[in-house]
Amino acid sequence: MKENASEKKQPHFEGLKVAAFESRRSTEMSNLISKMGGVPDVTPSMREIPIEKNRVAIDFAHRVLTGEINHVLILTGVGFEYLMEAISKSINQQQFIDTLSDITTVCRGPKSVAAMKKFGLSPTLKVSQPNTWREILTTLDENTNVANQVVGVQEYGVENRSLIAGLEARGAEVFRVPVYKWGLPEDCSDLTAAVRRISRRETDVILFTSAKQVDNLLSIVETEHLEDEFREGIRSAIVASIGPTTSEMLRSKSLPVDLEPTHPKMGQLVLSAAEKSRLLLERKKQVQIAISKTGETVLDPNAEWYNSPFLKACRGEPTDVTPIWMMRQAGRYMQEYRSVRSQTTFLELCKNPSLCSEVMCTAVDRLGVDAAIIFSDLLPILEPMGMDLEFAKGEGPVIHNPIRESKDVDRLLELENVDSLHFVMETVSQTRDDLPADLPLIGFTGAPFTLASYAIEGGSSKSYIHTKTLMYRDPIAWQEIMQRFVRSITQYSNAQIAAGAQVIQIFDSWVGCLGPDDYRRFVLPYMQAIIRNITPGIPVINFGTGNPELMPLYAEGGSQVIGADWRISLKNAWNHIGYEKSIQGNLDPLVLLADRKTIKKRAQEVLNQAENRPGHIFNLGHGIVPQTPVDNAIALVDIVHELSSR
């Protein structure tokens, strides 16, 4: 009998051991895991405990009655019922209901709508699926204005820090109303046994459906003195989180998050885990193998790429020809890239190592450049650091939970390991394998100032007002942010090197908004710390844009190679950094929109300023723009090779 197509595609755990900590719906969770081919290990991890003599709830009700609360967010049905019970002996319930009906109420999902209906209430606004804090904020943005308003938030056992941050970023004053707390089960023996199994690495997949489960699990870990063993065990497994709040809690405890379903529902969580866990486990093993490589091969002088023109120029050694590569050499100007990109989102492309290698190797082959750079982006590192990143269509990268105040700094998590960025390491390894053996591979990262600016501004900016306000008002908070980025970027860069990169480029795309004095105080020490701690002997390219006055300070950062944008002549740039440094640059990218004669003339001018001095790497002053004809990019490579042949 033929198996139908739907049966063939049914996600399947293939016998993996799957732990979960669901309490109310433990039987349903166990059945779902079994149905999808997993071996369930479902252990209730918490119980609801209503807050007795809930003075905060009573105070909240009084404020509603006196008109001090402008909006109320109802996040759970059971929570709303607990709220009504908590205030029933102290407040006229009907008067509270009548007052509540006159202000803006927002229900997160159908259960909270049903709970309000029991009391004769209908919410002003209903949040659309998948009912996360992101949809709550979108609903508010589209229907009302919370700036300078007091917003009451009925919480469900644990504070949703991303929601609170989003409301405060919109100018709201948040009044938190906890109505119940999550306690440990009365009998913790089963939960303790589950913790021990994870610590012995007997668990393949771990499902979390609540942020509080993380806290309760770790309290058992502490009681059993299994901190190190548990962390090793959980890192060896696949950790699946039901949604952003739970993911944020895991990351705040320095625990990995390997996958999160599109919709934060229990069924979707199990479905996604069944579909992806086997592949993710294999990838995790591959990453660990790549990271565990000895450093002996990193600088192997017998490797074919070691004496390539590009690496010799990085070391300041004479070359037979000036090496050239171009930023964004795999990009929208190429039809091959556009064909791949049309099938997926940008962030999904960045997380697909095979496609990343394909688009870069295709570009390298067509252009004839002397080095490849991994296809990735500056910002994926922000996700495991607690930032909610989205590449919004037409808007570019958006951070939904930006850091705006000193008190927000603890939401920026330090990168404890690179497991959650396995796709970058796999991209490095795959690209290295697919490239010609004599062609060097460049890994890259964002610089701490640029990454911090994205995290603080929440996206692109022209004035950097939020970044500079925090930097000037609270230097201690700024120092803490930068130090977290230093340690995370260093680990991220060294992992790329271990996976197969020969060079690291640090992109500081936004640092040109600073003057020299501010750069020296607020940026330079952190750049020096990163470069100092990158794998010894690996060339580092420090590339900042926007302010030529910073060139001498880039040189003080300690890298062997300094990138120059087109806003300064190559001659002056090299004079500023010192001829003992190598230099990369610096043709204006828009020259590639001109005719071939102009391109050749302008390329010759850059080469003339280099004066055949060892250590020049030809590049653009920034990335190739989408309007660039591919043939012009190819022509530039040929022109540089022809004119610089020695």
Side-chain angles (χ1 to χ4, degrees), residues 326-332 341 345-353 356 359-360 372-392 395-400 402-403 412-413 415 418 420-421 423-425 427-428 431 441-461 464 467 481-482 484-497 501 503-514 523 526-527 530-531 534 540-546 554 557 559 563 565 584 589 619-625:
M326 290 175 280
M327 288 174 277
R328 293 203 198 114
Q329 59 191 18
R332 284 181 290 169
R341 178 67 176 80
T345 67
F346 179 71
L347 198 53
E348 286 168 348
L349 173 56
C350 288
K351 293 182 178 182
N352 187 320
C356 287
V359 296
M360 180 51 64
I373 186 168
I374 63 167
F375 185 89
S376 188
D377 192 79
L378 301 184
L379 302 185
I381 190 175
L382 293 179
E383 285 191 299
M385 294 185 73
M387 298 291 98
D388 189 63
L389 170 66
E390 179 188 9
F391 282 86
E395 297 181 45
V398 176
I399 305 293
H400 291 286
I403 298 166
L412 181 71
L413 310 175
L415 193 68
V418 295
S420 53
L421 292 163
F423 52 90
V424 178
M425 309 316 138
T427 292
V428 175
T431 309
L441 177 62
I442 305 166
F444 74 86
T445 178
F449 179 84
T450 291
L451 292 177
S453 297
Y454 268 111
I456 296 167
E457 299 294 334
S460 298
S461 176
Y464 308 95
T467 303
I481 290 170
M482 295 297 273
R484 292 184 190 195
F485 273 120
V486 164
R487 292 187 288 267
S488 300
I489 290 167
T490 303
Q491 183 175 187
Y492 181 52
S493 300
N494 286 335
Q496 291 184 50
I497 294 164
V503 175
I504 292 294
Q505 175 152 316
I506 303 175
F507 285 88
D508 218 345
S509 309
W510 286 5
V511 79
C513 72
L514 298 180
V523 177
Y526 310 107
M527 289 297 295
I530 292 170
I531 293 165
I534 284 178
V540 177
I541 305 169
N542 183 358
F543 176 62
T545 68
Y554 297 156
S559 66
D565 72 11
Q584 177 175 280
N619 207 315
L620 304 177
H622 210 281
I624 296 177
V625 299

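Reckoned from all heavy atoms, side chains included, excluding hydrogens, waters and symmetry mates.
Annotation: side chain of Ile489 is in contact with side chain of Pro448 (closest heavy-atom distance under 4.5 Å). Annotation: side chain of Tyr554 is in contact with side chain of Val511 (closest heavy-atom distance under 4.5 Å). Residues Phe391 and Val398 form no side-chain contact, since every pair of their non-hydrogen atoms from C-beta on lies 4.5 Å or further apart. Side-chain contact check for Phe346 versus Asp377: some heavy-atom pair is nearer than 4.5 Å.
With ring centers used as reference points, Phe444 lies under 6.0 Å from Phe507.
The CD atom of Glu348 lies 11.5 Å from the CZ atom of Phe423; values are rounded to the nearest 0.5 Å. Atoms CG and CD1, from Asn619 and Ile624 in turn, are 8.5 Å apart once rounded to the nearest 0.5 Å. From Ile497, atom CD1 reaches atom CG of Asn494 across 5.0 Å, with rounding to the nearest 0.5 Å. The distance from atom CG of Leu382 to atom CG of Leu389, rounded to the nearest 0.5 Å, is 6.5 Å. Taking CG of Leu378 as the start and CD1 of Ile506 as the end, the distance is 11.5 Å to the nearest 0.5 Å. Note: Ile541 CD1 to Gln505 CD = 4.5 Å, rounded to the nearest 0.5 Å.
Across Thr445 and Tyr492, no two heavy atoms sit closer than the pair OG1-CD2, 3.7 Å. For the pair Thr450 and Ser509, the tightest heavy-atom approach, listed with the atom from each and the gap, is OG1-N, 3.1 Å. Nearest heavy atoms, Ala372 versus Met360: CB-CG, 4.1 Å. Residues Cys356 and Thr427 approach most closely at CB-CG2, 3.6 Å, considering heavy atoms. Nearest heavy atoms, His400 versus Glu390: NE2-OE1, 2.6 Å. Between Gly443 and Ala501, the shortest heavy-atom distance links the atoms N-CB, 3.7 Å.
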I'd like to know whether Ile481 forms a side-chain contact (heavy atoms from CB on, under 4.5 Å) with Leu412, so could you lay out the CA-CA distance, the side-chain angles of the two residues, the decisive distance to 0.1 Å, and finally the verdict.
CA-CA 7 Å; Ile481 290 170; Leu412 181 71; 3.9 Å; yes
Mind running side-chain contact (heavy atoms from CB on, under 4.5 Å) on Thr545 and Asp508 for me, showing each step along the way?
CA-CA 7 Å; Thr545 68; Asp508 218 345; over 6 Å; no
Checking Leu415 against Leu421 for the side-chain contact (heavy atoms from CB on, under 4.5 Å) test, could you report, in this order, the C-alpha distance in whole Å, the side-chain angles of both residues, the deciding distance, and whether it holds?
CA-CA 10 Å; Leu415 193 68; Leu421 292 163; 4.0 Å; yes
Test log, rule side-chain contact (heavy atoms from CB on, under 4.5 Å), inputs Ile399 and Asp388
CA-CA 5 Å; Ile399 305 293; Asp388 189 63; 5.7 Å; no
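The residue from Ile403, Leu451, Ile381 that alone fulfils the side-chain contact (heavy atoms from CB on, under 4.5 Å) condition with Met387 is Ile403.
A salt bridge is defined here as a Lys NZ or Arg NE, NH1 or NH2 lying under 4.0 Å from an Asp or Glu carboxylate O, and Lys351 with Glu383 meets this definition.
Between Tyr464 and Phe449, the ring planes lie tilted relative to each other; the angle falls in the 30° to 60° range.
Of the possible polar contacts, one joining the Asp565 side chain to the Gly546 backbone as a donor-acceptor pair under 3.5 Å is found. At distances below 3.5 Å, not a single donor-acceptor pair connects side-chain atoms of Ser461 with backbone N or O atoms of Glu457.
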